Amino acid sequence: MQQSLFPSANPDPSASHEKFSRSDLNAAQLEAATTLGVPLLVIAGAGTGKTRTLVYRMAYLIEQGIPAANILLLTFTRKAAQEMIDRAGRLISDPRQRVTGGTFHAMANVLLRRHGHHLGYKPNFTILDRADAEGIINLLKSSLEMGATGKRFPSKRMVCNLFSRGVNKCQTLNEVIEDQYSHLAEYRDDLAKIQEHYHRFKFEHGLMDYDDLLVKFRQVLSEFPEVRREVAGRFQHVLVDEYQDTNPIQADIVRLVGGEHGNVMVVGDDSQSIYSFRGADFRNIMDFQTIFPGARLIRLEENYRSTQAILAVGNAIIDRAREKYEKRLFTSIAGGQRPQVYSAWDEATQARWVAERIAELLKQGVAREEIAVLFRSGFHSYKLELELNNRQIGFEKRGGLKLTESAHIKDVVSYLRVVSNPHDHLSWNRVLLLLDKVGPKTAQQVLATVRGAAEPLAALREYPAGKSWRGGLLKLLDLLETLGAGDRQPLAVFDAVMEYYQELFERIYHDDYPLRSRDLEQMRLLVGGYTDLQSLIDDTALDPPESTDESLGGRVGKPSGLILSTIHSAKGLEWDHVFVIHLAAGRFPSCQPFMREEWEEERRMLYVAATRARKMLYLTYPREVQTFDKQAAAGGISPFLAELPAHLLESWESRSGGGYPGSRLEKALPAGPAPAKVAEVPALGGKVRHPFFGEGKVEKLVGSRTVEVNFARHGRKTLHLDYARLEVLD
DNA sequence: TGAGACGCTGTTTTT
DNA sequence: CAGCGTCTCA
């Protein structure tokens, strides 16, 4: 097995050797970078040099004689870790000193392959991505004969969410159901049964989902002191980025490792907490000082990123947050142009306008990598993507569909997974279903043989296969046997798989296989970069490449072009020119939030988006948005945008003399802060309609502005009238 | 039992 | 518009 923790690119040898210099940091940053012997909690506002501080701290530790191998940097994405580590590498004299770093999941993966045997795992376990996990739920659902007829059983997606939520918030199944899924109460017993089988299934077949990686890693750390000591001994300094977005399990992992020596620094910003759906709670930041008594708190408040004009808008957004730790960002980059607001007629106009601004910027000589377009949800950029394609402006999309989520890639990866872990039932199932004349029933029967066998391949040789598909099965076994035998490079394995798969591929995807084969070619390029099959397989789940063309150049360092990204994927990044689109009611905030917590998180998301901009910020919204059934053209300006003081913003004026139905800001924005629309208080027992949950009946009035509503389709929800967009029916 | 056609429904964000 | 589940035919 590969020993380097997280295989990553070599530092760029051509990079200049910046000298580590204390004068590069302000007082607070310097304190954060150089304080030793005390746990540190760094509250760092957006753009206050948090990354720089982490980078300098790594370099400082190394200069103090601590081997880089003993330093661990935990970040939110692998990209972020690599970039920081590269930068630290440039500050020190010995380029071979390389800090290890990556995501919590990646670290857990590597260490569990080594220590998982304590919990009964073999080192060749397979990591399940979301679709895999849902697949298992589906398998179990049908094998347990649930949801057969009559009542509709909750979707696999729902079931997975429910399980995951329980894990990440440390709640029991019953608590989760009560809390969030009360409408599923009647399925409680079935869900409990599925959950039990799900856990057993994963364990018996050497499978781990994302949550397992964290949970099992925590377990091995807490139950086996010798493991804990070994891990803590190896990582004598732990640095954690984006701490506001860690969940209780991750915090526990930090506590267990860091508790051994206390050399822990965590960096975070409560105002940028946007991952509560994964169990994160920004209040956890303050628990740090309880977990590590005597921890020192350092605040970074000087913003080095944005102009005053942009920062003013950022501050105005977050000022309206109900609950936050006081902190006021200031910048010495005076002036700057006020952020521009463009109110578009509809989505197409919005797309055209943004594309035109981008074309203009490019013409003015702005580098493509200094421009980004951000949005709440992946699909918000569809129209813009079309528009950019029309104008032949290349872009890279972050977030949204991953390359590895497409069926044909999953097919290929399944062969690799079976080679690596012959007990991986899920992949076996997929691989068998690809055979002609083999469907779910037959596959299940074959799998029964795999289950008991110590050597599945040999056992299957003896399988009494039906005439129509015997040949196919034997060919498959030949392939797997050849691959399992030699110690081949991943690329050779991939090519062998492709030779076998090509025929099936063209049959199954007969209508569009030429298009799909482009993905396979791209995948082949990626495979070429690996020397170890297991890490290739791991990365398909832990570090999946984005689906659009760009992938090799963008893996390390700077993004290679114009970026379209979800706000979540834009975390920690910055650009000169940032467009935030779809700031329309019902889109951003998405129509889902119905309680304060969720509403506030949406607001923080806008804050994150706005503070990505260095020089110029553009905020746009379509006045009309199409819903999926191309019906209701709801929308209009997002309340977040509407409530901003108008004098901080500037409306866009059409230069071409009215080619667009451009609006004047004064018209679009109310003069003062807009009060939230005061919704009518419905009567007890009255009917209401929610944009997402549909119709429901008011069951209880809690306080003056909070009601409990029982929705026909979604069960009972507690709603706050100031946040939920409730319509009172009569 | 598998394969393919049809109709329904459901909508974030990510490791 | 998918991606699912159900239904029908071979």
Side-chain angles (χ1 to χ4, degrees), chain A residues 74-80 102-109 127-135 138 141-142 147-149 152-158 161 164 167-168 208-214 242 245-247 249-250 273-280 374-380 382 398-402 404-407 433 435-445 466 468-469 507-508 510-511 538-544 546 565-571 582 586-593 598 601-602 604-605 608-609 626-630 691-694 713-714:
Chain A
L74 291 170
T75 57
F76 225 65
T77 64
R78 189 180 293 199
K79 258 192 199 122
T103 61
F104 277 90
H105 290 86
M107 171 184 70
N109 173 37
I127 300 169
L128 304 173
D129 68 15
R130 195 202 168 76
D132 297 328
E134 288 178 357
N138 233 17
K141 203 160 83 178
S142 46
T149 45
R152 317 154 32 79
F153 201 75
S155 68
K156 57 182 183 173
R157 192 196 180 117
M158 188 85 89
N161 281 341
S164 181
V167 174
N168 286 299
M208 288 210 206
D209 63 21
Y210 291 132
D211 296 336
D212 289 330
L213 287 172
L214 297 182
E242 311 280 10
D245 283 322
T246 54
N247 65 28
I249 306 171
Q250 293 167 317
S273 158
I274 54 174
Y275 275 87
S276 69
F277 66 92
R278 232 165 74 176
L374 308 182
F375 32 85
R376 171 76 238 276
S377 316
F379 70 91
H380 290 170
Y382 288 169
R398 298 266 176 84
L401 270 190
K402 300 287 188 291
T404 47
E405 280 165 12
S406 52
L433 285 175
L435 298 173
D436 201 8
K437 307 294 173 205
V438 175
K441 268 279 183 339
T442 314
Q444 280 305 309
Q445 282 163 19
S468 55
W469 51 276
R507 173 172 58 80
I508 297 165
H510 49 83
D511 45 350
D538 291 349
D539 280 0
T540 60
L542 289 178
D543 188 24
E546 311 286 341
S565 173
T566 59
I567 295 171
H568 284 91
S569 299
K571 224 160 138 37
H582 262 298
R587 291 293 177 91
F588 194 164
S590 83
C591 64
Q592 295 241 44
E598 286 117 334
E601 178 146 316
E602 299 277 322
R604 292 194 294 269
M605 241 177 273
V608 170
Q626 303 248 327
T627 51
F628 59 95
D629 54 353
K630 66 177 183 174
F692 176 60
F693 297 121
R713 310 192 57 80
H714 294 265

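Chain naming here is simple, since letters A, B, ... match the order of the sequence lines and numbering starts at 1 in each. Here the structure is a predicted model, which is why all the values come from computation and not from measurement.
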Measure the distance from [atom1] on [X] to [atom2] on [N] and round it to the nearest whole Å.
X: Met158(A); N: dG5(C); atom1: CE; atom2: P; value: 14 Å
X: His568(A); N: dT14(B); atom1: NE2; atom2: C1'; value: 8 Å
X: Asp543(A); N: dT15(B); atom1: CG; atom2: P; value: 8 Å
X: Leu213(A); N: dT14(B); atom1: CG; atom2: C1'; value: 14 Å
X: Ile274(A); N: dT13(B); atom1: CD1; atom2: P; value: 12 Å
X: Arg157(A); N: dG3(C); atom1: CZ; atom2: C1'; value: 11 Å
X: Arg130(A); N: dT14(B); atom1: CZ; atom2: P; value: 11 Å
X: Asn138(A); N: dT6(C); atom1: CG; atom2: P; value: 10 Å

Within the pair [X] and [N], is there a side-chain N or O less than 4.0 Å away from OP1 or OP2?
X: Thr566(A); N: dT14(B); answer: yes
X: Lys571(A); N: dT14(B); answer: no
X: Ser569(A); N: dT14(B); answer: yes

| said: For Asp211(A), give me all partners under salt bridge (charged side-chain N to carboxylate O under 4.0 Å, His left out), at least two apart in sequence or on another chain. | reply: none
| task | Select base, sugar-phosphate, or nothing to describe what Phe104(A) touches, counting heavy atoms under 4.0 Å on all strands. | result | nothing
| Residues forming a ring-ring contact (aromatic ring centres under 6.0 Å, His included) with Phe277(A), sequence neighbours excluded | Tyr275(A), His568(A)
| Which one, dT12(B), dC4(C), dT15(B), comes nearest to the side chain of Tyr210(A)? | dT15(B)
| request: From the options dT12(B), dG5(C), dT15(B), select the nucleotide whose nearest atom is closest to the side chain of His105(A). | output: dT15(B)
| field | Most 5' of Lys441(A) and Phe379(A) on DNA chain B, judged by nearest nucleotide | value | Lys441(A)
Restricting both atoms to N or O, compile the protein contacts to nucleotides 3-5 of chain B shorter than 3.5 Å, with distance only.
{"from": "dA3(B)", "atom 1": "OP1", "to": "Asp436(A)", "atom 2": "OD1", "distance (Å)": "3.1"}
{"from": "dA3(B)", "atom 1": "OP1", "to": "Lys437(A)", "atom 2": "N", "distance (Å)": "2.9"}

| Distance-only donor-acceptor test, Arg278(A) side-chain atoms vs dT13(B) base atoms, 3.5 Å | no
Taking side chain to side chain contact (heavy atoms under 4.5 Å, CB included) as the definition, give me every residue that meets it alongside [X], ordered by chain and number, with sequence neighbours left out.
X: Asn138(A); value: Lys141(A), Lys156(A)
X: Ala443(A); value: Asn429(A), Leu432(A), Leu433(A), Val438(A)
X: Arg157(A); value: Arg130(A), Glu134(A), Ser155(A), Asn161(A)

| When the P atoms of dT13(B) and dC4(C) are considered, how many whole Å apart are they? | 16 Å
| Which word best sums up how the rings of His380(A) and His582(A) line up, parallel for under 30°, tilted for 30 to 60°, or perpendicular for over 60°? | tilted
| said: Centroid distance below 5.5 Å plus an interplanar angle below 30 degrees: do Phe277(A) and dT13(B) meet both conditions? | reply: yes
| said: In the structure I gave you, are the side-chain heavy atoms of Leu542(A) and Leu213(A) within less than 4.5 Å of one another anywhere? | reply: yes
| Taking all non-hydrogen atoms of both residues, which atom of Gly378(A) and which atom of Thr566(A) are closest, and how far apart? | N-CG2, 3.9 Å
